[in-house]
Amino acid sequence: MVTIFNRKAAPPGRVEKSGISRRDLLKRGGTLSLGALLVISGNAIIHPQAAWGLETSNLKPETMASLLQLARDIYPHDQIPDRFYAIAIKAYDTKAGTDADHKKLIEDGIANLDQKAGKGGYIGLSWEDDRLALLRGIEETPFFQTVRGGLVTGLYNQKDIWPYFGYEGESYSKGGYIARGFDDIEWL
Amino acid sequence: MAAPYDLKDDSVVVIIGSGAGGGTLGNELAQKGIDVVILEAGARHEYEDFINDEWDSFGQLAWVDKRTTSGDWRVAKDFPNLPAWIVKSVGGSTVHWAGASLRFQEHEFKDLTHYGKIEGANLLDWPITLAELEPYYAKAEDKMGVTRTNGIEGLPGNNNFKVLKAGADKLGYKECHTGNMAINSADRDDRMSCQQTGFCFQGCKWGAKWSTLYTEIPKGEATGKLEVRPNSMVQKIEHDKSGKVTGVVYIDKDGKQQLQKARIVAVAGNSIESPRLLLNSESSMFKDGMANSSGQVGRNYMRHTTGSVYGIFEKPVHMYRGTTMAGIIRDEARHDPSRGFVGGYEMETLSLGLPFMAAFLDPGGWGRSFTSALDQYSNMAGLWIVGEDMPQENNRITLHKDEKDKHGMPIANVNFSDHPNDIAMRDHAYKQGVALYEAVGATRAFPTPPYPSTHNLGTNRMSEKAQDGVVNKHGQSHDIKNLFVSDGSQFTTGGAENPTLTIVSLAIRQADYIAKEMAAKAI
Ligand SMILES: Cc1cc2nc3c(=O)[nH]c(=O)nc-3n(C[C@H](O)[C@H](O)[C@H](O)COP(=O)(O)OP(=O)(O)OC[C@H]3O[C@@H](n4cnc5c(N)ncnc54)[C@H](O)[C@@H]3O)c2cc1C
Ligand code: SF4
């Protein structure tokens, strides 16, 4: 197991209740540096504190971990847990299984970012500003545009994410808003 | 019930498309006892099938067959294969539409007279006047149940409207209300009233909003004189040696090519598909495409000068609750060149759900300036700008040189660039929109660029003289007497108003004309 993501200063409120404990992971034979939030185990990335894991089938797990950070940097919503970003980027892994060009685009794109970032790679850059500086240099590339474009639906079209934004979604089955606050504004 | 007509029956009127223009014309003719076949490229989804989910609904209803784009409009960069957001389904774009139903202003039928010649603009007066269309506007408003006409009450204002109204009052705007909407404010015409569901763009599951799908079409079918054939994509219109049209070639639901004979053909496929079809119907007799002796088929493509403004407030608005577009300010719709442009614009409430907001807020945008706006989604209010744009000869639909659809028909390219007048108007409207929200205390207000076109107009325009346009004042082709255009592509100019009420009025008027000409054996 490799520790691949080290987000030190996650405020306690942002991290969800633990399912897999750090001890569980350690028991499985991993090593873990203090403060790490994401770990790679075999072909999965695991978020021990928030109890989710993402199996990768076609992209390298390290690539997926970098993609997760990249996704957060492109569409940063600090109130949204990592797992939603993980679901969004899973689509790239799936597509890589049937589309060799896509796979190469993503792997090469991340490798290029890592190389530009220097020692420690892209996710080793702990300041957002440093990562953004890199991204501004590549924002016109097909790699960046593919990742960004996919996130527009991959991230924002997840129904479970809508409540974080206060969007209530489907309303027909509830009889519309005629009796549920379509005109309830008070502060005007 | 629906009368099935034989493919060889050459006494029928064939209408291509079942939207605002085609669906209305079909019913009007059927009511007069005329036999009608409507060929519709899309499937038939009834209102219980609609989905309260933006992307799923888009997948169900929208025209997503490939098109290409060119020109300097931003849509060509952001949505290169989606120039327009319109529908491929029985009912056409009246399934998606928001219901805003406004009459043109008198001067908007006579742009050339009132605005004068404008460089780069291909302005022309309509061959009809407001006075001529007024009786048909009245019929259309009654048919569609437009609020604030025929004694029908306005819709109640939702949160988004209340913010708009407060801003309008602060800026001193006088004409602001919940709109003239083809949405029932009370039960009417066997359809129930609006339940403030907030998914007007996704098809109204209550049937409160007028759509040809569940009004005109079933009424026409009930006469036994109208057959609607879904999943039937017309590829070509055929003609005889004299140049009269004789029928249409289409791909049926099983993917087989068919020929439907016709006495009269009416084209109503919306302003991209209608010229595409006419251009594709070229022959040794009509080398530049059918009905195109003027060379104007496909030209003068208009899409309204649009854009949106959103304001973010300290406290919640929940703009997405309730009717999407029931709110309007009309004060800027006047023609007043002192503002630095000719023509005018309307401001209408608009809300998108979170998924579409993410897609349209700033297409291609990313980073915290983008996400911090979305984070305030529930505290947002929004308005849409819809203004008159200039017809330009080179804003046009052409057949793609190489790319074809799956049945071998060349796909359409949509070329569009803004005219300086469009830009001046949009900038003015953006400023007013931002000022409006700031006046109510917005902590942030920002414009967003035009979406893929929902209002597509002008590509087979009406003209007095045959050399200036494609059809006469009845939508009848100047070149071919039994060929009609029945959709928004007839518009000579676009006006500041949402177009559908005018499309429907023209279709009712056209039906009278066709019936009269048929009776007189002129066609
Ligand atoms: C989201 C949205 C909101 C809108 N809101 C408003 C509003 O509030 N007020 C307003 O006035 N307007 C509004 N509009 C615009 C309005 O819907 C259109 O202007 C109007 O429906 C156009 O009518 P039409 O007859 O030209 O074409 P449509 O209604 O689009 O009908 C064309 C039909 O022809 C079919 N067709 C095309 N080509 C072929 C072919 N070759 N063979 C067979 N069938 C074919 C299509 O599938 C389609 O069903 C809105 C549109 C959208 C998309
Ligand atoms: S808000 Fe009214 S018109 Fe719009 S979809 Fe809901 S019920 Fe229909």
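Hydrogens, waters and symmetry mates play no part in the numbers below; they use all other heavy atoms, side chains included. Quick note on labels: first sequence line is chain A, next is B, and so on, each numbered from 1.
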Less than 4.5 Å to any heavy atom of chain B: does that hold for the side chain of [X], its backbone, both, or neither?
{"X": "A:Ile74", "value": "both"}
{"X": "A:Glu139", "value": "side chain"}
{"X": "A:Glu186", "value": "neither"}
{"X": "A:Lys159", "value": "side chain"}

Where [X] and [Y] come nearest, the two heavy atoms and their spacing:
{"X": "A:Ile80", "Y": "A:Arg72", "value": "O-NH2, 2.7 Å"}
{"X": "A:Ser171", "Y": "B:Asn52", "value": "N-OD1, 3.1 Å"}
{"X": "A:Ile106", "Y": "A:Leu67", "value": "CG2-CD1, 3.9 Å"}
{"X": "A:Phe143", "Y": "A:Leu105", "value": "CD1-O, 3.4 Å"}
{"X": "B:Ala62", "Y": "B:His96", "value": "CB-NE2, 4.3 Å"}
{"X": "B:Trp97", "Y": "B:Trp210", "value": "NE1-O, 2.7 Å"}

Are the side chain of [X] and the backbone of [Y] linked by a donor-acceptor contact shorter than 3.5 Å?
{"X": "B:Ser211", "Y": "B:Tyr214", "result": "no"}
{"X": "B:Arg67", "Y": "B:Leu82", "result": "no"}
{"X": "A:Tyr167", "Y": "B:Ser378", "result": "no"}
{"X": "B:Asn159", "Y": "B:Val317", "result": "yes"}

Quiz item: Do A:Tyr122 and A:Asp73 have side-chain atoms, one donor and one acceptor, less than 3.5 Å apart?
Solution: yes

Sort by residue number and list every residue of [range] having at least one heavy atom under 4.5 Å from chain A.
{"range": "residues 432-454 of chain B", "answer": "B:Val440"}
{"range": "residues 197-207 of chain B", "answer": "B:Thr197, B:Phe199, B:Lys205, B:Trp206"}
{"range": "residues 162-190 of chain B", "answer": "B:Lys162, B:Val163, B:Ala166"}
{"range": "residues 347-363 of chain B", "answer": "B:Gly353, B:Leu354, B:Pro355, B:Ala358, B:Ala359"}

Quiz item: Taking everything shown except A:Lys60 itself, do over 12 heavy atoms lie less than 6.0 Å from its NZ?
Solution: no

Self-check item: Atom NZ of A:Lys174 with >12 non-hydrogen neighbours under 6.0 angstrom
Solution: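 More than 12 heavy atoms, drawn from other residues, nucleotides or ligands, come within 6.0 Å of this atom.
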
Quiz item: So which of A:Gln158, A:Glu128, A:Glu168 has the largest heavy-atom pair count under 4.5 angstrom toward chain B?
Solution: A:Glu168

Quiz prompt | Given B:Leu61, B:Thr94, B:Leu213, the one that forms side chain to side chain contact (heavy atoms under 4.5 Å, CB included) with B:Val87 | solution = B:Leu61

Quiz item: Which is it for A:Tyr75 and A:Tyr85 under the ring-ring contact (aromatic ring centres under 6.0 Å, His included) test, yes or no, and what are the steps along the way?
Solution: CA-CA 9 Å; A:Tyr75 290 124; A:Tyr85 290 90; 8.7 Å; no

Quiz prompt | A:Tyr156 ring center near A:His77 ring center (under 6.0 Å) | solution =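 Yes: the rings meet the under 6.0 Å criterion.
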
Self-check item: Validation row, ring centre B:Trp55 to ring centre B:Phe58 under 6.0 Å
Solution: yes

Practice problem: With side-chain contact (heavy atoms from CB on, under 4.5 Å) as the test, would you mind laying out the steps for A:Glu170 and B:Asp53 before giving the verdict? | Solution: CA-CA 6 Å; A:Glu170 191 276 336; B:Asp53 179 296; over 6 Å; no

Self-check item: B:Arg321 side, atom CZ; A:Ile178 side, atom CD1 - distance, nearest 0.5 Å
Solution: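 One gets 14.0 Å once the value is rounded to the nearest 0.5 Å.
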
Please rank [options] by heavy-atom pairs under 4.5 Å with chain A and give me the top one.
{"options": "B:Phe50, B:Phe370, B:Phe161, B:Tyr320", "answer": "B:Tyr320"}
{"options": "B:Asp56, B:Asn158, B:Asp375", "answer": "B:Asp375"}
{"options": "B:Gly364, B:Cys194, B:Gly322", "answer": "B:Gly364"}

Quiz item: Could you walk me through whether A:Lys95 and A:Asp101 pass the salt bridge (charged side-chain N to carboxylate O under 4.0 Å, His left out) check?
Solution: CA-CA 10 Å; A:Lys95 192 169 177 207; A:Asp101 290 345; over 6 Å; no

Quiz item: Stepwise, does the side chain to side chain donor-acceptor pair (under 3.5 Å) test hold for B:Thr147 with B:Glu153?
Solution: CA-CA 6 Å; B:Thr147 57; B:Glu153 279 217 31; over 6 Å; no

Quiz item: Under a 4.5 Å heavy-atom cut-off, does chain A meet the side chain of B:Leu374, its backbone, both or neither?
Solution: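 B:Leu374 touches chain A through backbone and side-chain heavy atoms alike.
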
